[in-house]
Every structure is written in C-alpha cells, then in structure tokens.
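Just so you know, residue 1 is the first one in the sequence shown, and it goes up from there. Computed over heavy atoms, backbone and side chain alike; hydrogens, waters and symmetry mates excluded.
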Amino acid sequence: MSFFRSLAVAFSLFSRIPMPPVAWEPRNMRFVAACMPLVGVPLGALVAAWCGILAHAGASPLLIALGPALIPVAFSGGIHLDGFADVIDAQSSCADQTRKREILKDPRIGAFAAMGVAAYLLASFAFAGQIAFDARTSALAGLVCVMSRATTGFAVASFPRSPEQGMLARERDFAAPSSKPILAALIAAAAASAIVLSPIAGSLATAASLLLLAHTKRFAEKNFGGMSGDIAGFHLCLCELICLACIAFSQLAGAA
C-alpha cells in the first residue's frame, strides 16, 4: 500500500491529474522518486497520441510540434519548468553557492530566467517541428517523457543533496533503499524500448540522457553544493530537450 500512496503523492506533485489526498508523511514518501517515471507514462501517451494522430491526419509540422513542446508543461503544471527558470537565474548571477541557493528560493523571476524559458520553449518547438512523425517516432517522443523522469528520479535518489531543506530533502530522507535499483531498471527499460523503436535515434537519446545525468551531478555539486528540487526540474527539462534534438538530427542525417 505504501507504494500506491507514494504513487498518488508523485502524481499530485508532478502532474495536474486529480488524486485522492495523501498525507506527506514518511511511509507515504518512500517511493516518490521511484514513481516519477510512472508519471511520465500517461504524459508520454498523450504526446505520442497527439503526434501520431495529427501526423496521420496530415496536419502541418508546426501544429504537431506544439504537442512535444507544450503538453509536458500543461501536464505538469509547469513545476519542472519553474525549476529550470530558477536555476537559470541563479547560475546567471555568477555568485557563490550560498547566494545561488538563495536565488533558487526567490519566487520572483529574473530577466535571465525569462529569456531561458523562452529559448527553451522555442528550441523544443523547433526540434519537434523538424521530426517527421509516424507511429515509431511518435512512440519515441512519448518515451522521452519516461526517460527524462527516470533519470531525474535517479538523480534525486542517488546524488548528494544541497544544504537547503526543501521537498527533495523529504523525498531523500524517507526514500526506500530499493528506489535506486527500481529507477536503474526503469532507465534500462526505457532505453531498450527507445532503441527497439529506432536503433540510431534511440541510442543517441539514451547516450545523451546518461551523459547529462553525469553532468548534472557535477554541475549541482560545483555550483549549488548538491541536488535540489529546482536542479531536478532543470535536469528533466534539459533531458527532454536533448532527446528531441537527438531524434531530430538523426532524422536529418537520414539515420532514424
């Protein structure tokens, strides 16, 4: 039962899907990180359905590209993009770790964050617009939503955390020891599925996701003293963007 309570907490935190109220107490937080990829399943299905149905109907690439660019933001309520914006603001300050962590907690949005979010959405739209969607590539775009959340969950469960005491600290303090192997298995499953769908694009997206995961650990420790909820959102957004880029460029090279 604790797993299903954790699943409800995860969907409440990371999606706009209504869930029954569940108290944020230790027994209900044990598998929240491990459930992050499962939140990506219905999101990925929505993205894949949007791309596949509209491509089959002969819609323009611009209309189809709105799905991968905007559905994840609408589905999550913008929580991950909020973290992305906060990290852009903090990193652009060129301040020390303590000051950067203070900026992460500032609810106001700065100029660099606004520019970063605009650039992120524009890049997502452009990469998605470059992809010639069919059944395979639509499913691959959906898998991106699972892979990004699986690697993010692994970072949350495994990487050293920053001194700030936020939502991520509660997830780490109460996390079940089995969360890491569960997330590693889900990363492997998402990677295998992506490679089966498209050997070149799937391999590139998997390699890029894992390289980004390693980079996020170094980036978080060097600039913020460890992982935080905002850095988790930053990683998730970058992972989705890079995976879309891998699919787009593999098609451009005629390899997908």
Side-chain angles (χ1 to χ4, degrees), residues 37 40 43-73 75-76 80-81 84-85 87-88 91 115-152 154-155 186-219 233-256:
L43 169 59
L46 285 173
V47 170
W50 174 281
C51 296
I53 292 171
L54 289 183
H56 182 72
S60 74
L62 296 180
L63 180 59
I64 299 172
L66 285 176
L70 296 183
I71 289 176
V73 180
F75 181 90
S76 68
H80 306 302
L81 197 56
F84 176 87
V87 172
I88 292 292
Q91 189 64 10
M115 290 185 289
V117 169
Y120 171 82
L121 293 174
L122 181 60
S124 296
F125 181 74
F127 288 139
Q130 177 61 42
I131 299 170
F133 283 103
D134 56 17
R136 283 191 311 120
T137 48
S138 296
L140 190 58
L143 271 174
V144 167
C145 302
V146 178
M147 175 64 85
S148 62
R149 283 155 180 78
T151 56
T152 300
F154 188 86
L186 290 172
I187 291 172
S193 300
I195 292 170
V196 167
L197 284 169
S198 178
I200 301 300
S203 297
L204 285 174
T206 296
S209 298
L210 296 178
L211 287 173
L212 178 63
L213 186 62
H215 171 74
T216 296
K217 182 176 185 294
R218 295 192 298 270
F219 173 80
F234 180 75
H235 169 87
L236 190 152
C237 289
L238 280 185
C239 188
E240 291 185 344
L241 183 65
I242 289 172
C243 286
L244 284 177
C246 288
I247 300 170
F249 282 115
S250 64
Q251 279 197 346
L252 195 61

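If you take CG on Leu70 and CH2 on Trp50, they are separated by 8.5 Å, rounding to the nearest 0.5 Å. Separating the OG atom in Ser148 from the CG atom in Leu244 is a distance of 9.5 Å, to the nearest 0.5 Å. Atom CG in Leu213 sits 12.0 Å away from atom CG in Leu238 (nearest 0.5 Å). Put simply, OG1 on Thr151 and CG on Leu212 are 7.0 Å apart, with the number rounded to the nearest 0.5 Å. Interatomic distance, CG of Leu197 versus CG of Leu143, reported as 6.0 Å (0.5 Å rounding).
Proximity of Ile88 to Phe234: side-chain heavy atoms (C-beta onward) are separated by under 4.5 Å at one or more points. By the 4.5 Å heavy-atom criterion applied to side chains, Leu43 and Arg149 are counted as neighbours.
The minimum heavy-atom distance between Leu210 and Ile187, with the atom names listed, is CD2-CG2, 4.2 Å. The nearest pair of heavy atoms linking Pro37 to Leu186 is CG-CD1, 3.7 Å. Closest approach of Glu240 to Pro72, counting heavy atoms only: OE1-CB, 4.0 Å. Contact between Val47 and Gly67 at its shortest, heavy atoms only, is CG2-O, 4.5 Å. Annotation for Leu140 and Ala201: closest pair CD2-CB, 3.9 Å, computed over non-hydrogen atoms. The shortest non-hydrogen separation linking Cys51 to Ile64 is CA-CG2, 3.9 Å.
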**Message:** Go through it in stages, so that I can follow the logic: the residues are Leu211 and His215, the test is side-chain contact (heavy atoms from CB on, under 4.5 Å), and I'd like the CA-CA distance, side-chain angles, deciding distance and then a yes or no.
**Reply:** CA-CA 6 Å; Leu211 287 173; His215 171 74; over 6 Å; no
**Gln91/Phe219 under side-chain contact (heavy atoms from CB on, under 4.5 Å): CA gap, chis, key distance, verdict** = CA-CA 10 Å; Gln91 189 64 10; Phe219 173 80; 3.8 Å; yes
**Item:** side-chain contact (heavy atoms from CB on, under 4.5 Å) evaluation trace for Leu81 with Cys237
**Value:** CA-CA 7 Å; Leu81 197 56; Cys237 289; 4.1 Å; yes
**Request:** Could you give me the CA-CA distance, side-chain angles and deciding distance for Ile247 and Val144, then say whether side-chain contact (heavy atoms from CB on, under 4.5 Å) is met?
**Result:** CA-CA 10 Å; Ile247 300 170; Val144 167; 4.1 Å; yes
Check: residues 123-135 side-chain donor-acceptor pairs under 3.5 Å, at least two apart:
from   : atom 1 : to     : atom 2 : distance (Å)
Ser124 : OG     : Tyr120 : O      : 3.0
Asp134 : OD1    : Arg136 : N      : 3.1
Asp134 : OD1    : Thr137 : N      : 2.9
Asp134 : OD1    : Thr137 : OG1    : 2.8

